[in-house]
Amino acid sequence: MKSKANKQVPKAYDHLIIEKKWQKKWAKSKIYRSKEDAEKSKYYVLDMFPYPSGEGLHVGHPKGYIATDVVSRMKRMQGHSVLHPMGFDAFGLPAENYAIKTRTNPLIAVQRNVKRFKEQLEIIGLDYDWTREINTTDPAYYRWTQWIFLQLFKKGLAFESNEPVNWCPTDKTVLANEDVEDGRCERCGTPVEKRPLRQWVLKITDYADRLLNDLDAKKSDGTNLLDWPESIKESQRNWIGKSEGAIIDFPFASTTTENISANYIILHGFEGSAESNFIPWLKSELEKKGHKVTAPELPNAFNPTEDEQVDFVLKNCHFDENTVLIGHSLGAVVAMKVLMKLNEPISGLVIVAAASDPSFFGESAKPRPFHETFKWDFDLDLIKKQANGNIAVLSDTQEEFRAKYLNHLSTQLDARLIEVRAKEEHFCALEEPEILAALHPSVKVFTTRPDTIFGVTYMVLAPEHPYVKSLLPKISNRNEVVEYIEKAKLETEMERTDAKREKTGVELKGIRVVNPANNESVPVWIADYVLADYGTGAVMAVPAHDERDADFAKKYDLPIREIKLEDKDEMIRKFGSKTIKYKLRDWVFSRQRYWGEPMPLIHCANCGVVPVPEKDLPVKLPKVVSYEPTGTGESPLAAIGKWVNVKCPKCKGKSRRETNTMPQWAGSSWYYLRYMDPKNKKALVDSKKEKYWAPVDLYIGGAEHATRHLIYARFWHKFLYDIGVTSTIEPFSRLQSVGLIMGEDGRKMSKRFGNVVNPDEVVARFGADTLRVYEMFMGPFDQQIAWSTDSMVGARRFVEKVWRLSEKVLSSAVDDINIIKIIHKTIKKVTDDINGLKFNTAISSLMIAVNELDRAESISKEQFQLLLQILAPFMPHVADELWSSLGNKKSIHISSWPEFDPKLIEDNEVNIIVQINGKMRGSFMAAKDTSKELLEETAKKVPEVMKWLTGKAIQKIVVVPNRLVSIVVGQ
RNA sequence: GCCCGGGUGGUGAAAUUGGUAAACACGUAACACUUAAAAUGUUAUCUCUUACAAGGGUUGUGGGUUCGAUUCCCACCCCGGGCACCA
C-alpha cells in the first residue's frame with residue numbers, strides 16, 4: 001500500500017475557472033486563425049453548418065463538432081495549415097413561420113439565434129476561426145448564390161417548366177422530389193399534391209452519370225476518390241437509380257395502322273431544297289401509301305435565318321394531330337423550333353441528322369452562315385410534348401457526331417435513336433430507305449429484360465401515354481377506355497404508387513402491336529401500374545418473368561408463356577437499342593415563399609426571361625408587411641410593387657422580377673467554397689485560395705443529408721468545375737456521418753418528448769473537457785447511442801485522474817522503461833485512431849496509459865508532457881493548463897505532435913499461447929522472434945500443457961511465431 | 001421485393017483483420033479511508049457445474065471450411081437505413 005503522506009495538496013480542479021481562462025487566451029492569441037501558408041500542407045476539416053433554430057443546441061449537436069475539433073487540433077499540431085470554419089444556414093421555414101406569427105423580419109430572429117448558437121459553441125472550446133464565419137442570409141453571401149444560379153441559367157441548366165410538380169398545401173410551396181418522403185412533405189407530413197405550376201428547374205439529370213460514376217472513381221494510386229461511408233454512397237446510387245436496358249420498337253399491327261392516313265411535312269436543310277437529296281423520293285413513296293405530303297421550299301436556303309424559316313413553315317403548312325414533321329439537318333432544327341410555337345401537339349417528329357447544340361460546328365469546320373441567325377435554345381420538354389412523345393432520331397454517319405450529340409438528344413427527348421448507316425454521309429443519297437422504315441408507327445418500350453422478349457404476351461401503356469389519345473378513333477371500347485383514364489387522373493400520387501393494391505386496366509380493343517422478335521401480334525392494354533414518367537410509359541409484359549405482369553395477366557386471363565432466356569446483348573442488337581434511364585429527376589428549384597434567395601431574373605414582354613446583370617447583384621430581399629405565403633403559386637414578393645416592377649435590362653421596357661425564391665438547399669450547396677475566401681467582393685472565391693484549400697479533406701455531419709445536400713452540393717461543385725471556378729471534380733474527399741445521440745429514454749432528443757439535455761448545463765456541471773471526452777468515448781462515432789448523464793462520471797474521473805497525475809511529475813524522476821514504452825505505444829494508437837476517427841478506442845488507450853502512470857511513484861516531466869500533448873485534442877483546457885504549469889510559455893495546441901519511436905513500441909518478450917485441439921491450455925513468455933522449433937519444444941514443457949499431452953499421440957503441430965503453438969492430439 | 005449496414009456480458013462496447021472473446025468504461029457487490037456521507041482507492045463481476053480447485057458452455061440460429069472462426073463461405077431469423085407497381 002503506497003502512502004500519500006508526502007504528496008503536495010493539489011490545486012483543485014475547477015473547470016469553470018480554467019475553461020474560461022483558456023478560451024479567452026486562445027481568442028486573444030489568435031492561434032486558431034487559418035492562413036494559406038505555402039510552407040505547410042493544408043488540411044480542411046468541415047462541419048455541416050447548422051440551421052440556427054430558436055431552441056438552441058442540444059447535447060447531440062456538438063458531437064460532430066467535437067470530432068472535427070479533435071482532428072483539427074491534431075492536424076495543427078502535426079504542422080498542417082488547418083482550415084476549420086463555422087457558419088450558419090439560416091434561410092428556411094422555421095424562421096419564416098416565426099416571422100409570420102410575430103410579423104417581424106426573420107432576420108431579427110436569425111441574428112438572435114446565431115448569437116445564442118455561437119455562445120453555446122464557444123463554451124465547448126472549439127477551435128473555429130470565427131473571422132471566416134458565413135451566413136447564407138447575408139446579401140454579401142447570397143449575392144454569390146445568385147451568381148451561381150445565373151451561370152446555370154446561362155448554360156441552359158436552369159429552365160422554366162410547366163410540368164406537374166409536388167405541391168405542399170400546408171407549407172404552400174412546391175417541393176423538389178428530394179423533399180418528398182413516402183408521398184408526404186418531408187417538413188410537415190402533409191400528403192403532397194401534383195399541380196402544374198410554372199417552375200424553375202435545374203438540370204441535375206445532365207450530371208447523373210458523373211454523380212454516379214465518381215462515387216466509385218479511383219485516384220491514380222488506386223484508392224477511392226471518395227472516402228465515404230458505403231451506406232451513403234449506396235443511398236446516392238439508389239437515388240440516381242441508373243438502369244441499363246433497351247428501347248424496343250413494337251410496330252402497330254397492320255390491322256391497326258392500315259387506315260391511318262398521316263399528313264407529312266418534310267423540311268430540307270442548309271443549302272438544300274425540296275428537290276434535293278432524298279426528299280422527292282420519300283415524298284413519292286409516302287404518297288403511294290395514301291399519305292398527304294408537303295415539302296416546302298424554305299426561304300434563303302443559302303443564308304437562312306431562324307425567324308424567317310420558322311414563320312414560313314408556320315404560315316404555309318397545316319398542322320394537326322395527324323401531322324408528322326420530318327426535318328433533315330438544319331431542317332430538323334427548324335422543325336423543333338416550329339414545334340415550340342405550335343398550339344396543339346402533332347403526331348410525331350423525325351429528326352434526320354441534326355443537333356440541338358451549336359457547338360457541332362466544331363473547331364475544324366468553318367462557321368456556317370446560320371451560326372448567328374439561329375438561337376440554339378431548345379425547350380426539349382416542350383418539344384417532347386408537342387411531338388406527342390413520338391420522336392425518332394436518325395443517326396448521322398459521323399461516329400463522333402453521333403456519340404456526342406445524337407445520343408444526348410435522343411436521351412433528352414426520350415426518342416428512338418435509330419442507329420443506321422445512311423446510304424451516303426449525312427443522308428445525302430437520292431434514296432434513303434432507313435428514313436422510310438423509321439416512319440412506320442410503333443410503340444417504344446423500355447425494358448431491362450430484353451432477354452425475355454420471346455415471353456411477351458401483351459403490352460401495357462400508361463393511361464397518360466400520348467398515343468392513347470390519338471388511337472381513340474380506332475378503339476372499339478372507347479367509352480370504357482376514356483372512363484378508365486378519367487378515373488386514373490383523379491387518383492393521388494400515393495394511391496397510384498401503392499404497390500399492394502390490386503392492379504386494374506382496360507384493353508384497347510382493336511389495337512395490336514407486333515413483337516419484333518417473333519412477329520407475333522399481341523393485345524395492348526392501359527393500366528395505372530405503368531407510370532407515364534418512367535421509361536417510355538409503355539411496358540412489354542412478360543408475365544412468366546415479371547411478378548407485376550403476372551398479377552395482371554392472372555387477373556385478366558392473359559396468356560403466360562414460359563420461355564428460355566436469350567442473350568441480352570444479342571436481343572438488343574437485333575431488336576432494339578441500348579438505353580440508360582435514371583430515377584433522378586431534375587431539381588425543382590423555386591419556392592413560393594419569402595425567406596429565401598430571390599432569383600436574379602426579370603420577365604420582359606419583349607425579351608422574355610432576362611438575367612439580372614452581374615453588376616446588379618445581389619438582388620436583395622425587400623421588406624414586406626406580410627410574410628404569409630399566398631397559396632396561389634406566387635410568393636409574397638409578388639405583392640411588393642416597388643420591388644417587382646423594374647426596367648428590362650435589355651430593352652429598358654416595363655418588366656417584372658421573378659418572385660419565386662430559391663430552396664433552402666441553395667446556400668448550402670457551395671458554402672464550403674466561401675470559407676476559403678469569405679470576404680472576397682470580386683469573386684466567389686479567389687482561384688489561388690481555392691487551389692490551396694480544395695478539396696475538403698474531412699467532412700462530418702448527419703447521414704440524413706445523403707440524398708439531398710450531398711447530392712446538390714456535388715452537382716453544383718461539378719458545374720462550378722466545368723466553368724472553371726473549382727479545381728477538383730469532387731468537393732468532399734472524405735465524409736463521415738455522425739451517429740445521433742438519442743435521449744436517455746432511447747427516443748430522439750426533442751422538446752416534444754421532454755428528453756432534451758442542454759449542453760450549457762452539462763458544461764457548467766462537469767466541464768467542457770468532460771463533455772468532450774464523454775461524447776467521444778460513448779461508442780463508435782457513427783453509431784446512434786442514447787445519452788446517459790450517469791455515465792459521464794467516468795469521463796469526469798478520467799479528466800480528474802489526469803489532473804492528479806500532475807502531482808507525480810518530478811524533474812528528478814527517472815522513468816521505468818515500461819512507462820516510456822506505454823507512452824510511445826499510446827502515441828501511435830492515438831494518432832492512428834484519430835486519423836481513423838475511432839475516438840472511443842483512442843480514449844480507451846489513453847485511459848490505459850493514465851492508469852499505468854498512476855501506478856508509478858513518479859513521472860518525468862518529459863513523459864508527462866508527451867501524454868498531455870496527445871490528450872490535448874480531447875481535453876484542450878486541462879491540457880493547456882497543466883502544460884503551462886510545467887513552465888511552457890506557448891499554448892500546447894501549437895506545440896508539435898509527438899512522434900513515437902518505433903523501437904520503443906516493440907516488445908522484446910511475447911506471450912505465446914498453447915492450444916491443444918483448438919483449446920487454450922497454457923501460455924509462456926518467449927523472446928521475440930524465437931524460432932519455431934524452440935517454441936514447439938518449450939510449449940510441450942509447459943506444465944498445464946503436459947497434462948493434456950500425456951498418453952496422447954501428437955498428430956500435428958502448427959507454430960505461428962510470436963503468437964501461438966497449436967497441438968493436435970489423437971483420442 | 002431489391003440493395004447497404006448491423007446483431008458480442010446487467011449497460012456502452014473492444015478484439016492487432018483467422019490466433020488467449022469480453023480490453024476500456026458505466027453499473028453492482030465487498031473492503032479500506034471517514035463519526036458519517038461524498039470523493040478516492042483496492043478486489044470481484046460472461047455463464048453453468050451451490051463455494052474453492054478443476055472443468056464445460058458462450059459472439060442472433062443452423063450448417064461448412066480450418067490445427068484454430070466474433071472474423072471466411074452457405075442457409076435462415078431479427079434490428080436499422082436507402083430504393084420501390086422504376087418495367
Side-chain angles (χ1 to χ4, degrees), chain A residues 1-2 4 181-182 229-243 245-246 445-449 452 459-460 462 496-503 527-531 533-542 545-549 551-552 581-583 703-704 706-707 737 739 773-774 777-780 782-788 790-798 800-801 804 829 832 838 840-851 854 911-923 944 947 955-960 962-969:
Chain A
M1 195 93 353
K2 60 199 171 183
K4 282 188 181 176
E181 271 175 14
D182 296 328
E230 187 50 38
S231 60
I232 293 200
K233 286 189 182 180
E234 190 58 23
S235 293
Q236 294 209 348
R237 282 186 209 111
N238 285 339
W239 190 259
I240 295 166
K242 179 178 182 169
S243 44
V445 300
F446 172 68
T447 180
T448 54
R449 299 292 309 273
T452 64
M459 167 170 294
V460 193
R496 192 58 201 274
T497 55
D498 180 7
K500 281 177 210 90
R501 74 177 188 155
E502 203 180 333
K503 292 177 178 43
D528 63 5
Y529 80 90
V530 175
L531 307 175
D533 57 356
Y534 184 77
T536 59
V539 176
M540 59 175 222
V542 187
H545 293 273
D546 185 284
E547 211 178 309
R548 291 156 310 182
D549 295 342
D551 290 347
F552 194 78
K581 294 283 171 195
Y582 297 96
K583 278 186 266 195
E704 69 274 15
T707 54
S737 36
V773 168
Y774 173 64
F777 184 62
M778 284 177 91
D782 58 350
Q783 193 171 295
Q784 166 179 318
I785 298 173
W787 177 265
S788 163
D790 289 344
S791 302
M792 284 204 62
V793 300
R796 171 74 188 199
R797 279 177 197 154
F798 175 53
E800 285 176 5
K801 215 179 238 182
R804 274 186 280 110
K829 175 80 176 147
D832 290 349
K838 294 192 280 189
N840 56 333
T841 50
I843 290 176
S844 121
S845 70
L846 285 163
M847 285 172 167
I848 293 168
V850 167
N851 287 343
D854 198 33
N911 189 22
I912 303 293
I913 302 305
V914 188
Q915 289 184 348
I916 291 162
N917 287 353
K919 287 211 158 53
M920 209 279 267
R921 295 301 181 190
S923 68
E944 305 92 79
K947 182 167 84 182
Q955 293 177 341
K956 186 176 181 180
I957 296 183
V958 179
V959 183
V960 182
N962 297 325
R963 274 249 155 80
L964 87 162
V965 178
S966 181
I967 305 170
V968 185
V969 296

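Labels below follow one simple rule: chain letters A, B, ... track the order of the sequence lines, proteins then strands, and each chain is numbered from 1. Predicted, not measured: the structure shown is a model, and the values here were computed from it.
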* **Length of the CD-P vector between A/Glu800 and B/rA38, whole Å** => 16 Å
* **Rounded distance (Å) that lies between atom C1' of B/rA38 and atom CZ of A/Arg796** => 14 Å
* Asked: Pick the nucleotide of RNA chain B nearest each of A/Val968 and A/Ala538; which residue has the one closer to the 5' end?
  -> A/Val968
* **Between NZ on residue A/Lys947 and CD on residue A/Glu944, distance to nearest 0.5 Å** => 7.0 Å
* **Close side-chain approach of A/Ser243 to A/Phe446, heavy-atom, < 4.5 Å** => yes
* Structure fact -> Here the distance between atom C1' of B/rC85 and atom CG of A/Asp549, to the nearest Å, is 10 Å
* To do: Please assess A/Thr841 against A/Lys829 for the test side-chain contact (heavy atoms from CB on, under 4.5 Å), listing each intermediate value before the final yes or no.
  => CA-CA 8 Å; A/Thr841 50; A/Lys829 175 80 176 147; 4.1 Å; yes
* **Phosphate contact (B/rC67 OP1 or OP2) by A/Lys956 side-chain N/O below 4.0 Å** => yes
* Asked: B/rA37 and B/rC48: how far apart are their C1' atoms, nearest whole angstrom?
  -> 39 Å
* Structure fact -> Between the CG atom in A/Asn911 and the CG atom in A/Asn962, the distance rounded to the nearest 0.5 Å is 11.5 Å
* To do: Please examine the side chains of A/Lys801 and A/Asn851, heavy atoms only from C-beta on, and report whether any two atoms are closer than 4.5 Å.
  => yes
* A/Ile785, nearest nucleotide to its side chain (from B/rA87, B/rG12, B/rC83) -> B/rG12
Find every protein N or O atom lying less than 3.5 Å from an N or O atom of nucleotides 23-27 of chain B, and list the pairs.
unit_1 : atom_1 : unit_2   : atom_2 : d
B/rA25 : OP1    : A/Asn851 : ND2    : 3.0
B/rC26 : OP1    : A/Arg797 : NH1    : 2.4
B/rC26 : O2'    : A/Ser791 : OG     : 3.4

Tabulate protein N/O versus nucleotide N/O from nucleotides 18-21 of chain B, keeping only pairs under 3.5 Å, one per line.
unit_1 : atom_1 : unit_2   : atom_2 : d
B/rG19 : N2     : A/Gln915 : OE1    : 2.9
B/rU20 : O4     : A/Asn911 : ND2    : 2.8

* Under a 4.0 Å N-O cut-off, is there an ion pair linking A/Glu234 with A/Arg237? -> yes
* Give a yes or no on this: more than 12 heavy atoms of other residues, nucleotides or ligands lie within 6.0 Å of atom CD of A/Glu547. => no
* To do: Using atom CD of A/Glu181 as one end and atom C1' of B/rC83 as the other, report the distance to the nearest whole Å.
  => 12 Å
* Do A/Asp546 and A/Arg449 come close enough that some side-chain heavy atom pair is under 4.5 Å? -> no
* Once you round it to whole Å, what is the distance between P of B/rA84 and CG of A/Asp182? -> 9 Å
* Asked: Expressed in whole Å, how much space separates the C1' atoms belonging to B/rC4 and B/rG18?
  -> 25 Å
* Syn or anti for B/rG9, taking syn as within 90° of 0? -> syn
Pairs: protein N or O with nucleotides 3-8 of chain B N or O, under 3.5 Å:
unit_1 : atom_1 : unit_2   : atom_2 : d
B/rC3  : O2'    : A/Glu234 : OE2    : 2.4

* To do: Taking the side chain as every heavy atom from C-beta outward, state whether A/Ser788 and A/Tyr774 have any pair of such atoms under 4.5 Å apart.
  => yes
* **Pairwise C1' distance, B/rU50 and B/rU66 [rounded to whole Å]** => 39 Å
* Looking across every strand, which nucleic acid part, if any, lies under 4.0 Å from A/Pro229 by heavy atom: base, sugar-phosphate, or nothing? -> nothing
* If we only count heavy atoms from C-beta on, is the A/Ile912 to A/Ser923 side-chain gap below 4.5 Å? -> no
* Min side-chain heavy-atom separation A/Asn917-A/Val969 under 4.5 Å -> yes
* Whether A/Gln236 side chain and A/Ala706 backbone form a donor-acceptor pair below 3.5 Å -> yes
* Asked: Which ranges of RNA chain B pair up as stems, where a stem means three or more consecutive Watson-Crick or G-U pairs with both distances under 3.5 Å?
  -> B:1-7 with B:77-83, B:10-12 with B:24-26, B:27-32 with B:40-45, B:46-49 with B:54-57, B:60-64 with B:72-76
* For nucleotides B/rG68 and B/rU20, find the distance between their P atoms and express it as a whole number of Å. => 15 Å
* **Distance, C1' atom - from B/rC3 to B/rA22, rounded to whole angstrom** => 33 Å
* **Pairwise distance CD(A/Gln915) to CD1(A/Ile967) - rounded to 0.5 angstrom** => 10.0 Å
* Asked: Do A/Ile916 and A/Arg921 come close enough that some side-chain heavy atom pair is under 4.5 Å?
  -> yes
* Structure fact -> Relative to its sugar, using the 90° cut-off around 0, the base of B/rU47 is anti
* Asked: Quantified in whole Å, what is the C1' atom distance between nucleotide B/rC2 and nucleotide B/rC73?
  -> 22 Å
* To do: Take A/Val965 and A/Ile913 through the side-chain contact (heavy atoms from CB on, under 4.5 Å) test and state the conclusion after the steps.
  => CA-CA 6 Å; A/Val965 178; A/Ile913 302 305; over 6 Å; no
Using the 3.5 Å cut-off, write out each protein N or O paired with an N or O of nucleotides 54-58 of chain B and the distance between them.
unit_1 : atom_1 : unit_2   : atom_2 : d
B/rG55 : OP1    : A/Lys947 : NZ     : 2.8
B/rG56 : OP1    : A/Arg921 : NH2    : 3.0
B/rG56 : OP2    : A/Arg921 : NH1    : 3.4

* Nearest whole angstrom, please: distance from the P of B/rC2 to the CZ of A/Arg449. => 14 Å
* Asked: Given the C1' atoms of B/rU11 and B/rU45, what is the spacing between them in whole Å?
  -> 13 Å
* Answer yes or no on whether A/Lys242 is positioned over the face of A/Tyr582, meaning its NZ or CZ is under 6.0 Å from the six-membered ring centre and within 45° of the axis. => no
* Asked: Taking atom P in both B/rG5 and B/rU58, what distance in whole Å separates the two?
  -> 28 Å
* Asked: Do A/Asn238 and A/Lys583 meet the criterion of a side-chain donor-acceptor pair at a distance under 3.5 Å?
  -> no
* Go through the structure and list residues passing side chain to side chain donor-acceptor pair (under 3.5 Å) with A/Asp782, not counting sequence neighbours. => none
